[in-house]
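Okay, structure first, notes after.
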Amino acid sequence: RGVPPPSDYARLAAARDMRLGLVPVLLSSMLLTVAVGASVVRSAPRAATLCRARAFLSSSVSTAVPSLDAKLITESPDVVADSLRKRRAAEEQFDNLEAIGKLQTRYAELSRGISEQLGIRKQLSPQIGKMMKEGREDEVGDLKQQVAAASEAAKRMEEEVTTVEAERARLLDAIPNLLDPRVPDGADEEDNQEVDSWEPKAGIRPATGKWHDEIAVDLGCLDTDRAAKLSGARFSVLRGSLARLERAIANYFLDTHITEHGYTEAAVPYLVGRAALEGTGQLPKFEEDLYRISGEVNGRDTFLIPTAEVPLTNLHSGEILAESDLPLAFVAFTPCFRAEAGSYGKDTRGLIRQHQFHKVELVRITTPESSNDEHEALTKHAEACLRALELPYRKMRLCSGDIGFSARHCYDLEVWLPGQGAWREISSCSNCGDFQARRMALRYRPAASGAAPQPQGKGKGKKGAAPKPVLCHTINGSGLAVGRTLVAILENYWQEDGSVIVPKVLRPYMGGMERILPDK
């Protein structure tokens with residue numbers, strides 16, 4: 001009861017097959033998996049089960065997303081235009097596509113022209129040398145003029161190539177990542193797709209209607225007035241037990257990801273150069289949301305980090321890694337700084353949207369073949385923290401109009417805040433494919449496949465040439481946002497007597513404290 005009949009699964013799978021071109025063998029395997037897992041959802045309503053079945057099919061499909069570069073834009077502009085349409089991109093973006101195509105064509109023409117002119121110079125120069133040795137200096141004047149003209153023409157074209165390359169790069173940097181076929185089409189967050197949800201056992205804590213800022217002020221642990229005196233709006237000062245609780249949350253997340261999930265902790269700079277932000281995609285498009293340092297640092301245009309994703313992902317920028325070193329998994333706890341230029345008047349109350357906040361960030365660097373699996377793994381690592389804290393949450397697949405600039409596929413984990421009566425994002429887990437890696441020249445060299453065959457009689461076979469480097473795939477997500485986790489604990493663990501229960505997993509980090517009591 002409540003489980004769709006095999007015909008519904010077949011219909012769903014057939015539709016997916018037509019859309020993505022799945023092979024029948026893969027489809028059959030997926031259907032078998034769904035059938036085996038049917039008992040898990042046996043009590044769910046029919047509509048909800050069908051929705052989950054669609055989500056399961058979508059999540060289980062290994063999808064191929066083209067690499068976004070000037071060549072793709074030139075040869076398959078419709079592919080990029082379709083992605084832009086789904087993202088509800090501005091008309092300017094479509095104009096940029098056409099401009100990039102023209103620039104790429106011009107670049108190819110110039111490259112051929114340079115090659116031709118250098119070929120002329122290469123062909124004639126030896127002739128001039130030979131004639132000079134033979135004492136025929138009076139005959140080389142015309143050839144010298146041809147060589148000089150070829151050199152001048154090549155120089156002019158090389159200068160134009162530099163200009164064309166710069167303009168092409170500028171326009172290309174403003175084009176968002178291509179979308180994974182699993183991304184649902186939609187305009188905004190209202191069209192996001194619920195993939196899963198989780199809640200602790202009923203009766204663990206009483207219902208509450210108080211906002212976290214009221215709770216924190218009543219505890220005597222939040223001082224927004226003095227924060228405003230120091231720094232203005234969207235800043236806060238935590239004191240006493242809440243300051244300690246925030247530190248406990250961060251330490252618990254770090255220890256969990258390091259000891260249970262296999263991440264390597266990194267303590268990274270909070271200031272980064274422009275190139276790092278261009279690599280991860282915050283620049284050039286989102287500069288107004290960043291805090292820029294007024295003077296150069298080490299001769300560089302420098303910014304405060306908006307997230308540890310930026311320094312972590314860029315740790316190996318410009319490098320060629322060995323395939324055997326992948327995947328790389330990093331975790332870092334840092335403050336994050338955001339101007340929130342586009343959020344004027346939004347979330348002005350409480351601790352939800354601050355100019356400075358703390359976050360534990362997860363980054364994985366992997367191969368294209370492992371990309372989807374690594375994305376799912378990272379998301380589960382973030383989910384594990386929410387479950388350990390016994391916080392109700394739901395997992396949402398972002399639609400095409402809500403997904404981030406650099407992401408091709410993204411899950412948002414939204415925690416339930418009973419005081420607000422709303423789900424709020426606490427982690428955004430993004431698979432960026434090779435989008436960021438291309439921008440920061442992050443590559444790996446695949447393992448050699450073995451010895452290359454040699455002609456008979458030429459001795460033993462020798463190893464073939466080393467495989468060409470391939471762009472890595474990058475995945476990132478919050479594991480979790482520390483400030484929003486604090487908010488969720490306050491609203492979900494608040495008691496009628498004004499106290500707040502400390503989640504069990506955090507008590508060792510709080511000196512055994514079980515409740516935070518009002519400051520009398």
Side-chain angles (χ1 to χ4, degrees), residues 64-119 152-180 272-290 300-301 303 310 313-314 317-320 368 403-408 432-443 468-474:
V65 180
S67 184
L68 179 61
D69 55 19
K71 181 180 179 182
L72 178 71
I73 292 174
T74 304
E75 297 179 353
S76 304
D78 290 347
V79 172
V80 186
D82 182 59
S83 183
L84 289 177
R85 277 191 292 271
K86 290 178 180 176
R87 283 180 175 270
R88 277 58 173 176
E91 191 63 33
E92 178 187 359
Q93 295 279 43
F94 296 92
D95 295 337
N96 288 346
L97 280 188
E98 184 178 354
I100 291 171
K102 292 179 179 178
L103 288 168
Q104 180 69 7
T105 299
R106 180 57 180 160
Y107 175 83
E109 293 172 350
L110 290 169
S111 296
R112 287 193 297 269
I114 292 170
S115 179
E116 290 171 0
Q117 296 303 317
L118 294 179
E152 182 62 27
K155 181 180 178 182
R156 287 196 306 270
M157 285 186 280
E158 286 170 349
E159 291 172 351
E160 187 178 350
V161 161
T162 301
T163 302
V164 167
E165 282 185 313
E167 179 62 9
R168 183 184 62 179
R170 185 187 71 81
L171 294 176
L172 188 58
D173 281 349
I175 302 294
N177 200 356
L178 299 178
L179 296 174
D180 189 292
V272 294
R274 179 176 290 274
L277 288 155
E278 289 174 344
T280 45
Q282 281 81 8
L283 289 179
K285 187 174 177 61
F286 304 106
E287 185 161 350
E288 65 176 5
D289 288 327
L290 302 174
R300 298 182 182 184
D301 206 7
F303 299 79
V310 178
T313 312
N314 277 279
S317 62
E319 297 181 19
I320 299 176
I403 194 169
F405 178 85
S406 297
R408 74 176 195 181
C432 298
D434 64 9
F435 183 80
Q436 293 178 327
R438 179 176 296 281
R439 295 165 75 104
M440 65 179 66
L442 170 58
R443 298 175 291 170
K468 292 183 178 180
V470 177
L471 290 170
C472 294
H473 277 209
T474 60

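The model shown is predicted, which means the values in this text are computed figures rather than measured ones.
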Passes salt bridge (Lys or Arg N to Asp or Glu O under 4.0 Å), Arg170 versus Glu167? Steps please. CA-CA 5 Å; Arg170 185 187 71 81; Glu167 179 62 9; 2.8 Å; yes

With respect to Leu178, which candidate in Asp82, Leu84, Val65 satisfies the side chain to side chain contact (heavy atoms under 4.5 Å, CB included) definition? Val65

Between Val161 and Leu110 the two heavy atoms that sit nearest each other are CG2-CB, 3.5 Å

Quick one, Phe303 and Leu283 - any side-chain contact, counting heavy atoms below 4.5 Å? yes

Distance in Å, Arg106 CZ paired with Ser111 OG, rounded so as to fall on 0.5 Å steps: 10.0 Å

Looking only at non-hydrogen atoms, find the nearest pair between Ala99 and Leu171 and report the distance. CB-CD1, 3.7 Å

OG1-CE distance between Thr280 and Met440, expressed to the nearest 0.5 angstrom: 5.5 Å

Any sub-3.5 Å donor-acceptor pair from Arg300's side-chain atoms to Arg274's backbone N or O? no

Backbone N or O of Thr313 within a donor-acceptor pair of the Ser317 side chain at under 3.5 Å? no

Keeping Thr105 on the side-chain end and Gly101 on the backbone end, is there a donor-acceptor pair under 3.5 Å? yes

Has Arg168 got a side-chain atom pairing as donor or acceptor with Gln104's backbone, closer than 3.5 angstrom? no

Between Lys155 and Glu152, does the salt bridge (Lys or Arg N to Asp or Glu O under 4.0 Å) criterion hold? Intermediate values first, please. CA-CA 5 Å; Lys155 181 180 178 182; Glu152 182 62 27; 5.2 Å; no

Looking at Gln93 and Ala174, would you say the former's side chain and the latter's main chain have a donor-acceptor pair under 3.5 Å? yes

Specify the closest pair of heavy atoms between Tyr107 and Val164, including all atoms of both residues, with the distance to one decimal. CB-CG1, 4.1 Å

Of all heavy-atom pairs between Leu97 and Pro77, which one has the smallest distance, and what is that distance? CD1-O, 4.2 Å

So with a 6.0 Å cut-off around CD of Glu98, is the heavy-atom count from everything else above 12? no

Please test Ile175 against Ile100 for side chain to side chain contact (heavy atoms under 4.5 Å, CB included), starting from the C-alpha separation and ending with a verdict. CA-CA 10 Å; Ile175 302 294; Ile100 291 171; 4.1 Å; yes

Let me have the donor-acceptor pairs involving side chains of residues 69-76, under 3.5 Å, with sequence neighbours excluded, atom names and distances please.
unit_1, atom_1, unit_2, atom_2, d
Asp69, OD1, Lys71, N, 3.3
Asp69, OD1, Leu72, N, 2.8
Thr74, OG1, Ala70, O, 2.8

Write down the atom of Val79, the atom of Pro66, and the distance for their closest heavy-atom approach. CG1-CG, 4.2 Å

Polar side-chain atom of Asn314 near backbone of Ala276 as donor-acceptor pair, under 3.5 Å: yes

Distance from Leu68 atom CG to Arg438 atom CZ, nearest 0.5 Å? 7.5 Å

Would Arg87 and Asn177 satisfy side chain to side chain contact (heavy atoms under 4.5 Å, CB included), going step by step from the backbone distance to the final call? CA-CA 10 Å; Arg87 283 180 175 270; Asn177 200 356; 4.0 Å; yes

Is any side-chain N of the basic residue among Arg156 and Glu160 closer than 4.0 Å to the acidic one's carboxylate O? no

Between Ser406 and Gln436, which heavy-atom pair has the shortest distance, and what is it? CB-NE2, 4.1 Å

Let's go through Gln282 and Phe405 carefully: what are the C-alpha distance in whole Å and the side-chain angles of both, what is the deciding distance for side chain to side chain contact (heavy atoms under 4.5 Å, CB included) to 0.1 Å, and is it a yes or a no? CA-CA 8 Å; Gln282 281 81 8; Phe405 178 85; over 6 Å; no

Ignoring hydrogens and angles, tell me if any N or O in the side chain of Ser83 forms a donor-acceptor pair with the backbone of Leu179 under 3.5 Å. yes

